[in-house]
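Numbers for residues simply follow the sequence, beginning at 1. Counting convention: from 1, in listed order, for ligands and their atoms alike.
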Amino acid sequence: MRMGVLTSGGDCPGLNAVIRSVVHRAVVDHSDEVIGFQDGWKGLLEGDYRKLDLDAVSGILARGGTILGSSRVQPAHLRDGVERAKGHVVDLGLDAIIPIGGEGTLKAARMLSDAGLPIVGVPKTIDNDIAVTDVTFGFDTAVGVATEALDRLKTTAESHQRVMIVEVMGRHTGWIALHSGMAAGAHAIVVPERPFDVDELTARISDRFALGKKFAIVVAAEGAKPRPGSMEFDEGGKDIYGHERFAGIARQLSVELERRLGKEARPVILGHVQRGGTPTAHDRVLATRFGWHAVEAVHRGEFGHMTALHGTDIRMVPLASAVETLKTVPEERYTEAECVL
Ligand code: F6P
């Protein structure tokens, strides 16, 4: 068989591990041929690809980023390009396409699959917000990076008796904030799923200082928002892909908390550092298993599906169900975290 792989959307530690695994399983065990499209869907639309053999994927398991490059494509542009994409699939003699991506990529994969392209998806995102898989690779790495940063910020916050507001990624969901905040013993966590009350937050930190504690750490997912009317808040706008362009929760909250508490507050934005660098062992294993199972799914002809982790097993789930809803932080997980902060 002949299959094409691509990585699309924001990058994520573990993408190279999937690419390597697809090539190993396909080439070594099935004598297949694999090509890689450059820069995501763009490569498929423009017919920009290269052959992926064992040499091409040698030494990439532990490497962050993606050897294929990535990009975001506007959904309308992709819809207009369906016939072109189909043409390339036919011309290149492809039996399958394996797109590796997050929410936006999987929606595009579903659209192309409905249009008749043979697609087997692989989910990725550091945000961990894909509903039908227990976890996505990249998340564990991002939580590790954020936790280490929080541990480090605690010592400098204590030296200067400051409040640190640490902004982590998480546009729609607060998984990174929740897990890194719990792991580092943060003193408050704010997530997009639950608009926070700034009075309650202030009281919580103030109570901590009243106990004689010298500093406080607040973890804020980038998409977290205050309850409407509870503080002045600039929501930002949208970018050309329809994604929210945040105006900075950490910056805005640090100004507000400094004013209310009379303590120095500093915003710290971890940003893309959470997405860079080598994947953890957990993420390498999950990514490798996803790649292996994607190739098997292609051989079974299970198109219109994607890999997912259910417990300890990898299952194939319909792309349609993968893009129905986002996996948000449930209230009980938040309550659990709150009581140990
Ligand atoms: O989708 C993952 C994500 O890391 C989000 O949490 C974040 O808002 C976004 O990507 C940032 O993307 P970009 O690389 O386009 O700035």
Is there a side chain to side chain donor-acceptor pair (under 3.5 Å) between His179 and Arg333 once you walk through the steps?
-> CA-CA 10 Å; His179 279 232; Arg333 287 296 312 274; 3.2 Å; yes
Heavy-atom side-chain proximity of Leu68 to Phe37 below 4.5 angstrom | no
Is the shortest heavy-atom distance from the side chain of Val163 to the side chain of Glu258 under 4.5 Å?
->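 A side-chain contact is absent here, since even the closest heavy-atom pair is not under 4.5 Å.
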Is a side-chain donor or acceptor of Glu167 paired with a backbone partner of Pro267 at a separation under 3.5 angstrom?
->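 Side chain of Glu167 to backbone of Pro267: no pair is present.
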Got the residues with a heavy atom under 4.0 Å of ligand 1, by chain and number?
->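 Its neighbours under 4.0 Å (heavy atoms only) are Arg72, Ile126, Asp127, Met169, Gly170, Arg171, Glu222, His272, Arg275, given by chain and number.
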State plainly whether the residues Glu158 and Lys154 are in salt-bridge range, i.e. N to O under 4.0 Å.
-> no
Apply side chain to side chain contact (heavy atoms under 4.5 Å, CB included) to Ala56 and list each qualifying residue two or more places apart in sequence or on a separate chain.
-> Leu52, Asp53
